[in-house]
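Convention: sequence-line order gives letters A, B, ...; per-chain numbering from 1.
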Amino acid sequence: MSAPPVATPAALGMRTDYCGTLRASDAGRQVRLCGWVASRREHGEHLAFVDLRDHTGVVQCVVDHAHDVRTEYVIAVAGTVRPRPEGTVNPALATGEVEVGDCQVEILAAADPPPFPVTDRIDADEALRLRHRYVDLRRDRMQANLRMRARVNAAIRTAMDRQGFTEVETPLLWTPTPEGSREFAVPSRRQHGSFYVLPQSPQIAKQLLMVGELDRYYQLARCLRDEDLRADRQFEFTQLDLEASFVGQEDVIGFVSEAVLEADAAATARPRPSMDRITWAEAMDRYGTDKPDLRFGMELVDLGPVLAGTELKALQAASVKALRVPGQGGLGRSRLDALVERAKGLGAKGLVWARVVAGGDGASGGALESPVSRFLSDDEQTGIIAAAGAAPGDLVLAVADEHRRACSVMGQLRLDLGRPPVGEGPPRYVWIVDFPLFDGIGDDGRPEAAHHPFTMPNPEDLPFLESDPLRVRSLAYDLVLDGWELGSGSIRVHRVDMQRRIFAALGIDEEQAQSRFGFLLDAFRFGAPPHGGFALGIDRFVAVLAREENIREVIAFPKTQSGADPMTGAPKALDRQAMAELGIRSGPAPPAR
RNA sequence: GGACCUGUGGUGCAGUUUGGAGUGCACGCCGGCCUGUCAAGCCGGAGGUCGCGGGUUCAAAUCCCGUCAGGUCCGCCA
């Protein structure tokens with residue numbers, strides 16, 4: 001082999017170049033390439049073309065005959081780079097100005113025909129892709145996604161290092177902390193009947209690191225939650241997990257913003273996006289969700305004032321939320337009925353719809369056409385049109401219910417009817433601040449923690465912790481990108497007396513607290529600094545950056561929605577001996593052998 | 001736990017509404033031809049338990065029930 005002029009031999013192994021990198025300027029060079037046969041075109045006895053593919057791209061190799069070489073064979077090609085003959089340049093190919101001629105072909109490994117084409121053009125069946133994920137990963141889409149993910153990780157590490165954070169690993173074999181999501185359990189071989197659990201997140205571990213004077217910690221941490229899967233949820237996922245001492249909410253938001261924008265720049269070519277900020281209450285009110293997609297309008301409208309004295313029972317409730325759907329006044333009855341069903345499925349008692357038509361004598365110059373319009377006074381109709389900012393041709397939807405429900409139902413309908421595809425348009429990062437400390441009242445009559453029980457209440461609202469807990473805001477904050485919840489964080493409680501007060505409000509008694517989080521409370525007795533942090537979901541973040549609707553597309557080996565891995569067959573029964581060693585007796589019998 | 005969508009040669013689909021012979025289309029595969037193609041082209045060939053089980057019917061890919069797998073969503077995800 002002649003010495004490669006560009007990269008060092010050590011870096012390239014048994015090749016001199018990558019396939020996709022050859023250009024006209026390489027003409028005349030002797031090269032040796034390795035890769036997979038992307039396609040083969042034979043032209044009789046003494047001319048054939050082999051498109052050789054590696055992760056950098058494809059280059060055309062001209063060979064004498066290619067009959068013993070098949071698609072997806074792994075081969076090495078030695079030959080000479082030369083300009084393509086006049087008229088045969090392929091502008092669709094990055095290497096299209098050149099080809100490799102006088103080729104010697106060595107078959108490194110034969111291959112069966114692939115179970116599905118190695119091309120983005122064909123949308124292969126999901127189960128088949130996962131069963132042969134190693135083939136699926138060869139496709140441009142997966143290559144691009146995984147490499148983008150690696151760039152995001154690298155950018156995040158750079159940004160965190162720059163901000164003085166220290167990467168620390170925390171245990172995967174953790175201890176049960178009942179509360180929150182279902183945990184994966186790992187039986188102990190040494191103590192039958194006892195279990196480790198896999199961490200839902202390193203939440204408590206990182207707080208202990210703060211007590212341990214690490215000052216600023218981060219980790220690209222694997223988290224595991226045994227909950228049902230969704231397009232944006234897998235059993236195991238990765239978070240940028242971070243925690244810092246002697247900082248406030250603004251500091252943490254700054255740390256995370258820096259890392260996120262660094263990653264955004266590493267993954268995309270767009271200009272540095274801005275980051276907005278709104279309160280939780282405002283997000284719920286205007287968008288009906290705590291993870292608003294700000295890329296489009298269609299904000300929720302409050303019809304309470306307009307309908308304060310209405311005779312229409314369907315719109316009598318604590319809160320009436322409406323939505324203007326521009327230009328959709330022509331929707332057919334079956335489509336409208338489907339919307340009503342959708343609203344009911346989301347928990348609403350019903351959904352009122354009204355087409356805005358020309359006419360009427362209101363200032364807005366429109367009238368409502370609806371099954372219920374005869375129950376609405378003229379003032380109410382013009383009031384609705386004005387409040388919604390509607391014009392003839394629009395559709396107006398309204399739900400009356402308790403405030404939270406009215407907001408959430410209309411918020412979902414807003415997404416159903418207006419949400420752009422993932423990645424479309426300029427990105428809209430938004431910080432959601434001033435979350436409530438408690439989510440609502442549980443069956444036991446006690447408030448339930450909205451975030452986790454170590455979240456610091458907003459000092460301004462402390463006086464109401466016992467008397468009016470639901471009005472207490474917390475120092476908790478979420479980062480949302482285009483309607484995806486990327487992550488959340490908070491300033492933590494670091495004093496034992498305050499933690500006791502919170503536990504008391506939550507109805508967790510001393511004994512329960514000791515058994516669940518005793519080691520954390522112990523640690524706080526030895527001097528805990530004020531601290532706070534954040535956790536950012538890498539899978540979701542990369543999915544949005546890669547314009548993917550499903551995080552499976554940015555994970556090398558994901559699970560199906562039922563939690564199975566079609567490639568390995570996991571989960572599987574253990575054999576009797578392994579079960580006995582772990583002291584496990586229950587469950588279905590392993591298959592007979 | 002629940003709702004909905006999908007399942008047809010190796011792959012992607014049509015056919016299912018309104019039952020009438022597995023007739024189909026494209027890609028791939030195998031063989032042949034072909035000296036400038038590039039998702040090559042031309043000729044020929046092989047390849048099917050219509051996811052599986054049951055029911056209705058003279059007759060089921062098609063209708064009904066159940067079930068499995070994949071997907072989307074609700075519940076769940078401190």
Side-chain angles (χ1 to χ4, degrees), chain A residues 38-53 58-67 70-72 84-93 95-96 99 101 112-132 135 177-183 200-201 203-204 223-235 237 338 341-347 408-409 412 415-416 435 437-440 442 447-455 474 476 485 488 490 502 506 508 516-517 535 537 549-550 552 559-564 566:
Chain A
S39 82
R40 180 187 63 141
R41 297 177 293 279
E42 287 190 278
H43 289 260
E45 277 295 297
H46 292 294
L47 177 67
F49 301 98
V50 170
D51 285 348
L52 187 63
R53 181 194 72 233
V58 168
V59 68
Q60 172 169 286
C61 303
V62 186
V63 297
D64 188 56
H65 61 92
H67 207 64
R70 299 294 151 119
T71 304
E72 297 305 313
R84 291 195 182 191
E86 189 74 29
T88 63
V89 166
N90 183 353
L93 213 56
T95 61
E99 61 190 11
D112 288 347
F116 50 87
V118 182
T119 168
D120 292 346
R121 288 191 309 274
I122 308 287
D123 226 349
D125 179 75
E126 188 73 23
L128 198 64
R129 289 178 63 197
L130 293 184
R131 181 169 171 213
H132 300 281
V135 173
T177 52
E179 185 94 28
S181 69
R182 238 175 262 124
E183 297 168 314
Q200 309 164 30
S201 78
Q203 178 60 39
I204 295 178
C223 305
L224 299 108
R225 295 180 189 172
D226 188 4
E227 298 292 348
D228 288 352
L229 279 42
R230 288 283 193 282
D232 63 350
R233 271 159 42 188
Q234 286 269 312
F235 285 152
F237 57 99
E341 285 312 304
R342 171 68 167 159
K344 286 179 179 170
L346 293 165
S408 67
V409 170
Q412 186 60 54
L415 293 177
D416 290 351
F435 272 76
L437 185 63
F438 303 109
D439 226 358
E448 295 176 326
H451 191 51
H452 57 58
F454 318 116
T455 304
S474 65
E485 182 192 323
S488 57
S490 64
I502 306 270
L506 287 168
I508 300 175
R516 289 183 193 177
F517 318 110
E549 303 276 3
N550 195 301
R552 281 192 306 269
K559 303 281 189 289
T560 65
Q561 189 163 40
S562 64

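In this entry the distance linking CG of Leu52(A) with P of rC38(B) reads 19 Å, nearest Å. In this entry the distance linking CD of Glu42(A) with P of rU35(B) reads 12 Å, nearest Å. Whole-Å rounding puts the His132(A) NE2 to rG10(B) C1' distance at 10 Å. The distance from atom CG of Leu47(A) to atom P of rG36(B) is 7 Å, rounded to the nearest whole Å. Atoms CD1 (Ile122(A)) and C1' (rC13(B)) sit 10 Å apart, rounded to a whole Å. At whole-Å resolution of the value, CG in Asp228(A) and P in rG1(B) are 9 Å apart. The nearest whole Å value for the distance from the NZ atom in Lys344(A) to the P atom in rA3(B) is 18 Å. The CD-C1' distance, from Glu72(A) to rC29(B), rounds to 14 Å in whole Å.
Pair check for rA69(B) finds rU6(B); Watson-Crick or G-U wobble, both atom distances under 3.5 Å. Of all nucleotides present, only rG12(B) satisfies the Watson-Crick or G-U wobble test against rC25(B), with each distance under 3.5 Å. When both pairing distances are held under 3.5 Å, rG31(B) makes a Watson-Crick or G-U pair with rC43(B). For rC58(B), the paired base is rG20(B) (Watson-Crick or G-U wobble, both distances below 3.5 Å).
Phosphate contact (OP1/OP2 of rA40(B), side-chain N/O of Arg41(A), threshold under 4.0 Å): present. Between Arg40(A) and the phosphate of rU37(B), there is no side-chain N or O to OP1/OP2 separation shorter than 4.0 Å.
Going from the P atom of rC58(B) to that of rG19(B) covers 15 Å, rounded to whole Å. If you take atom C1' in rA60(B) and the same atom in rA26(B), they sit 27 Å apart, rounded to whole Å. Rounded to a whole angstrom, the distance from the P atom of rC50(B) to that of rG31(B) is 29 Å. Taking the P atoms as reference points, rU62(B) lies 13 Å from rG54(B), given to the whole Å. Distance noted for atom P between rU6(B) and rC63(B): 11 Å (whole Å). For rG44(B) and rC27(B), the P atoms lie 14 Å apart once the distance is rounded to whole Å. Using C1' as the reference atom, rA59(B) and rU18(B) are 16 Å apart when rounded to the nearest Å. Taking atom C1' on both nucleotides, rC42(B) is separated from rC34(B) by 8 Å, rounded to a whole Å.
In this structure, of rU37(B), rC77(B), rG70(B), it is rG70(B) that holds the atom nearest to the side chain of Thr560(A). Listed nucleotides: rU11(B), rC76(B), rA39(B). Nearest to the side chain of Arg233(A): rC76(B). Considering only side-chain atoms of Gln561(A), the nucleotide from rG71(B), rC77(B), rU37(B) that sits closest is rG71(B).
Stacking between Phe116(A) and rU11(B) is absent: the ring centroid is not both under 5.5 Å from the six-membered base ring centre and under 30° in plane angle.
Here Thr71(A) lies in heavy-atom contact (under 4.0 Å) with sugar-phosphate atoms only. Counting non-hydrogen atoms under 4.0 angstrom, Arg342(A) reaches the backbone sugars and phosphates but no base.
For the residue pair Glu227(A)/Ser181(A), the side-chain donor-acceptor check at 3.5 Å is not satisfied.
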- Query: What's the verdict on side-chain contact (heavy atoms from CB on, under 4.5 Å) for Arg225(A) and Ser201(A), showing C-alpha distance, side-chain angles and the deciding distance?
  - Reply: CA-CA 9 Å; Arg225(A) 295 180 189 172; Ser201(A) 78; 4.0 Å; yes
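For Leu128(A) and Pro566(A), each mapped to the nucleotide of RNA chain B holding its nearest heavy atom, the one lying further toward the 5' end belongs to Leu128(A). RNA chain B is contacted by both Asp123(A) and Pro85(A); Asp123(A) maps to the nucleotide lying nearer its 5′ end (nearest heavy atom per residue).
Residue Gln60(A) places a side-chain atom within donor-acceptor reach of the base of rU37(B), judged by atom type and a 3.5 Å distance cut-off alone. No hydrogens or angles were tested; on distance alone, nothing pairs the side chain of Arg121(A) with the base of rG12(B) as donor and acceptor under 3.5 Å.
Here the closest non-hydrogen pair linking Leu346(A) and Val409(A) is O-CG2, 3.8 Å.
Salt bridge present: Arg41(A) and Asp51(A) bring a charged side-chain N and a carboxylate O closer than 4.0 Å.
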